[in-house]
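These notes are about the structure you will find just below.
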Amino acid sequence: MADMDSLWREPGLVRKRGYAVDNEERTPGVLLVGAAIRDHWPLRSPASPT
């Protein structure tokens, strides 16, 4: 992050885009992308009837 304003804006941008990017912020030459994996199927407990 270049400044504190960017740091405070980032969570909103990540939420809007649906993914986060780390473009050489910690390690030169390394780009990371993170995204939530959402399962839209109904959740079922092993003990619940089907």
Looking at every non-hydrogen atom in both residues, tell me the closest pair between [X] and [Y] and how far apart they are.
| X | Y | answer |
| --- | --- | --- |
| G18 | A35 | O-CB, 3.8 Å |
| E25 | D22 | N-OD1, 2.9 Å |
| V30 | L32 | CG1-CD2, 3.9 Å |

(request) Only one of R15, R17, K16 passes salt bridge (charged side-chain N to carboxylate O under 4.0 Å, His left out) with E10; say which it is. (result) R17

(request) Look at the side-chain heavy atoms of Ile, Leu, Val, Met, Phe, Trp and Tyr, link any pair under 4.5 Å apart, and say whether L13 and M4 land in one connected group. (result)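 Unlinked, L13 and M4 end up in two clusters.
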
(message) Going by salt bridge (charged side-chain N to carboxylate O under 4.0 Å, His left out), name the residues that satisfy it together with R26, two or more places apart in sequence or in a different chain.
(response) none

